[in-house]
Amino acid sequence: MMQNGMDTVPQQNGTMHTNSTSSSNSHNSSSQTNTGGHQEESKTNLIVNYLPQTMTQEEIRSLFASIGEVESCKLIRDKVTGQSLGYGFVNYHRPEDAEKAINTLNGLRLQNKTIKVSYARPSSEAIKGANLYVSGLPKNMTQQDLENLFSPYGRIITSRILCDNITGLSKGVGFIRFDQRIEAERAIQELNGTIPKGSTEPITVKFANNPSNNNKAIPPLAAYLAPQARRFGGPIHHPTGRFRYIPLSPLSRYSPLAGDLLANSMLPGNAMNGSGWCIFVYNLAPETEENVLWQLFGPFGAVQSVKVIRDLQTNKCKGFGFVTMTNYDEAVVAIQSLNGYTLGNRVLQVSFKTNKSKAT
DNA sequence: CGACGGGACGC
DNA sequence: CGACGGGACGC
């Protein structure tokens, strides 16, 4: 499984089109002759993937210069953080050097990575966003099986099946990167929800997340909430000295006592989830959208997330939703103010979330 | 009257 | 308990 993806490198290494391409320099972006299929690849320009995080552009250049004279070399970095994105481009003067670089440097192990060296495709919009995420795969499906399943829909650039790090067994999840986005779209249409031969459950095929904007980062709001939680044993007086102005007038008379709110929230694992206070909102209209919750709760302070719970079939709101707020004091005020609030022709019920759930 | 998500990825 | 790779097209 080491050469995952490596063996999916375009097969036409140096053997494909013998008629010379228009140019072999790095500025080949001009010709956008999209003829349905993919464009001619440069014979000198390489893409290098899976570079070690610490490797600099100059280190890459010197590595590839050991093969032949390098015309240009570029390491792609995040434009805001400056961090290496783990891939780059090397353009040689001579096609034979590029071919030699593929033959000798592809699969080279550097630090913890095994780099991949292949011909770069001409940059174009059509090749972006062509990566698919596939789940529900039978555990015995191999990478080759996966490629066989998807290859009817286009040219596969990479494929991968995720395996458990310890057991090495398939997680039933994989990725397919097509050459063209259109190919990926077709594969979704044709394969999503289908049951592979020999399997019993349907697979899910969808576009993969973009690795650059995955918001895995936990907001740094959580840390300082924990020590404060110790204070909540006693009655709250004035949350933060004084209440902020609430632009919703006659609501508070419906509100339960703050002490009741507290009693609920003290139950472990309920409203307090470690990075905010989860609020249950009931009696929402079927057409309710997320923005309604944002507008309702936003005036009371920091809202981390909102969620309208919908029926899977009808896509209509099931009558309730959740709002997570960062600060306890603000959450209390929001609950006190919005519980009993009439939205449309419905009287909302708002409280800290409890642990209720359907089954069990 | 009714009623408390989630395709959470980690050991 | 299935869940975003090893940062894949010029940041």
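Below, read A as the first sequence line, B as the second, and so on, with proteins coming before strands; counting in each chain starts at 1. Fair warning: this is a prediction, and the values are worked out from it, not measured in the lab. Note that these values count all heavy atoms, side chains included, but never hydrogens, waters or copies made by symmetry.
- Regarding A:R160, its CZ atom lies at a distance of 13 Å from the C1' atom of C:dG7, rounded to whole Å.
- For A:F320 and B:dA3, the CZ to P distance is 10 Å, given to the nearest whole Å.
- Separating the CD1 atom of A:I60 from the C1' atom of C:dC9 is a distance of 15 Å, rounded to the nearest angstrom.
- Distance A:K113 NZ to C:dG6 C1': 5 Å, rounded to the nearest Å.
- The CG atom of A:L46 sits 16 Å away from the P atom of C:dG10 (whole-angstrom rounding).
- By the 30° and 60° cut-offs, the orientation of the rings of A:F89 relative to A:Y87 is perpendicular.
- Going from the C1' atom of C:dG2 to that of B:dA8 covers 12 Å, rounded to whole Å.
- By the stacking rule of 5.5 Å between ring centres and under 30° between planes, A:Y133 stacks on the base of C:dC4.
- The phosphate of C:dC4 (OP1 or OP2) has no side-chain N or O of A:K206 nearer than 4.0 angstrom.
- In this structure, A:Y282 forms an aromatic stack with the base of B:dA3, since both conditions hold: centre separation below 5.5 Å and plane angle below 30°.
- When the P atom is compared between B:dC11 and C:dC4, the two are found 13 Å apart, to the nearest whole Å.
- With rounding to whole Å, A:L348 atom CG is found 15 Å from B:dG2 atom C1'.
- For the contact set between residues 195-204 of chain A and DNA chain C, defined by any heavy atom under 4.0 Å, the members are A:E201.
- Below 30°, between 30° and 60°, or above 60°: for A:Y133 and A:F175 the angle between ring planes is above 60°, a perpendicular geometry.
- Annotation: salt bridge (Lys or Arg N to Asp or Glu O under 4.0 Å) contacts involving residues 131-141 of chain A, sequence neighbours excluded, are absent.
- Contact annotation for A:F89: base contact, defined as any heavy-atom pair under 4.0 Å involving a base atom.
- Taking a cutoff of 4.0 Å between a charged side-chain nitrogen and a carboxylate oxygen, A:K128 and A:E125 qualify as a salt bridge.
- Following rounding to the nearest Å, A:L51 (CG) and C:dG10 (P) show an atom-to-atom distance of 16 Å.
- Within 4.0 Å of A:I47, counting heavy atoms only, lies at least one base atom of the nucleic acid.
- Going from atom CZ of A:R181 over to atom P of C:dC9 covers 12 Å, rounded to whole Å.
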